[in-house]
Number of protein chains: 2
Amino acid sequence: MSDVLIPAPPVAVPPQGLSIGDAARAVGLSVDTLRYYEKEGLLLDPAPRDGGGRRRYGEHDLAWLAGLVMLRETGMSIADVRVMADLSRRAGTEAERLVVLERHRERVVAEMERTRRHLAALDTKIASYRAASGGYDASPHSPHSPDDQEEGPR
Amino acid sequence: MSDVLIPAPPVAVPPQGLSIGDAARAVGLSVDTLRYYEKEGLLLDPAPRDGGGRRRYGEHDLAWLAGLVMLRETGMSIADVRVMADLSRRAGTEAERLVVLERHRERVVAEMERTRRHLAALDTKIASYRAASGGYDASPHSPHSPDDQEEGPR
DNA sequence: GCTTGACCTGGAGCGCGCTCCAGGTCGCAT
DNA sequence: ATGCGACCTGGAGCGCGCTCCAGGTCAAGC
C-alpha cells in the first residue's frame, strides 16, 4: 500500500512522472536547486531516470519534495533535512524522526514568537512616523532611530 | 528635543557610555558584529571614541542598535538597514523611511503567514507520527515523506 | 537531416553575514 | 614595571545555500 498520506498532492502527476522543470515549477524550487538537493542526499532516493537518463518525478517524489519545502521554509537547515531523509530511508526510525520534527517545531514556534514581538515594535515605530508625517509635517528634530520599545521590563 | 522615543532603553547606560563589550551584551550581538555594522554604515554615526580611541556607546547609540536588531531579526537585509540609516541621517526623509518600514512590515507579515501555514502542516505530520508510534508500533510500510497537505486548493 | 530546447554531469563561483586573525595599543591592578 | 584583558585596525576566511558554467546528450518538430 504505502499510501503517502497526502490528501492534496501539489499537482497532478502523469503516470510517466514530471520532468525536472515541471517538478521545479510544481514545488516552487529552481531546477538547479532540485539537482543540488539530490546531490546533497535530501531526497529519499535519487529521482528515477527515463531511458535517456533524465529525471522523472513521480507522486511519491513530489510528495517528499513538498514536505522538504515545508521544512526548508520553516527554516530547517539542509543538514537537518538530510538527517530526516537518512532516517526516513530506514524503517523503525519513526521515534527519531518524531524527535527531530518536534525539536524543529519548538524552534519554529519560538522564532515566530520573537518575530511577533519585533513586529509589534515595528508597528509602534511605523505609527510614530505616521503620526509625525500626518500630524503636521516632519518636524526638524526628526524622530531618530528605527527603534522602539521591544518587550516590557528587561 | 531629539528625544529618542524610547520608553524603556535596553539597559542602564552610565554617563560615559558603554564599552563595545557591554554594548554587545546589551543588544545581543557580538563585538565583531558591532564593529562590522559600523564599518558597513549601519549606525547613524561611527560610535564616539574615548581618549584612547575606544568606542563608547551612549543611550542614543544603544537605542539605534536596539531598533537595528529589531529590523535584522525580522529579516531586513543589511542593505536595507543601511538605507534606513542613510535616510535617518538626513532630515526631511521621514516619508521615505516610512515607506521602507511599511514595505518591510508587509514582507514580515507575509512571511509569518507562510510560516504559520507550514507550521500547521508540520503539526499534522507530527500528529501522524505520534499516532503511528502510539497506536501500535511503526508499521513496516512506514509513513513516508516529511510531507503533508499544505494549503487547500491551489 | 538539422535545429532547438530541455536536460545531463562535474565543478567553479557567488552573495550574505558574519567571524577570525595578526599585530598592536591602552589602562588598570599587582 | 609588568602583566593582563579588553580594545583597536585592516583584511582574510568561512559556512550556507544556492547559482552558474562548460561541454555534452537526447527527443521532437520542421
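Chain naming here is simple, since letters A, B, ... match the order of the sequence lines and numbering starts at 1 in each. Bear in mind the structure is a predicted one, so any value in this text is a computation, not a measurement. Basis for what follows: all heavy atoms, side chains included, without hydrogens, waters or symmetry-related copies.
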Open item on the list: So if I apply the side chain to side chain contact (heavy atoms under 4.5 Å, CB included) rule between B:Val69 and each of B:Thr74, B:Leu29, B:Thr33, which one comes out positive?
Closed with: B:Leu29

TODO: Under the side chain to side chain donor-acceptor pair (under 3.5 Å) rule, collect the residues that match up with B:Glu113, sequence neighbours excluded.
DONE: B:Arg116

- [ ] Working to the nearest 0.5 Å, report the span between CZ of A:Arg55 and CG of A:Leu34.
- [x] 8.0 Å

- [ ] Taking only Lys NZ, Arg NE, NH1 and NH2, and the carboxylate oxygens of Asp or Glu, determine whether B:Arg130 and A:Glu102 approach each other closer than 4.0 Å.
- [x] yes

Task: Residues B:Glu94, B:Arg97: salt bridge by 4.0 Å N-O rule - done: yes

- [ ] List the protein contact pattern of nucleotides 10-23 of chain D with one symbol per nucleotide (5' to 3'): B for base contact, S for sugar-phosphate-only contact, - for none; contact means a heavy-atom distance under 4.0 Å.
- [x] -B-----BBBB---

- [ ] Ignoring hydrogens and angles, tell me if any N or O in the side chain of B:Asp80 forms a donor-acceptor pair with the backbone of B:Ser77 under 3.5 Å.
- [x] no

- [ ] Identify which one of B:Arg107, B:Arg105, B:Glu111 satisfies the side chain to side chain contact (heavy atoms under 4.5 Å, CB included) criterion when paired with B:Val109.
- [x] B:Arg105

Task: N/O (side chain, B:Arg49) to phosphate O (OP1/OP2, C:dC26) under 4.0 Å - done: no

Task: Proximity to DNA chain C (any heavy atom under 4.0 Å), residues of residues 50-57 of chain A only - done: A:Gly53, A:Arg54, A:Arg55

TODO: Would you give the length of the straight line joining atom CG of B:Leu68 to atom OG of B:Ser88, rounded to the nearest 0.5 angstrom?
DONE: 10.5 Å

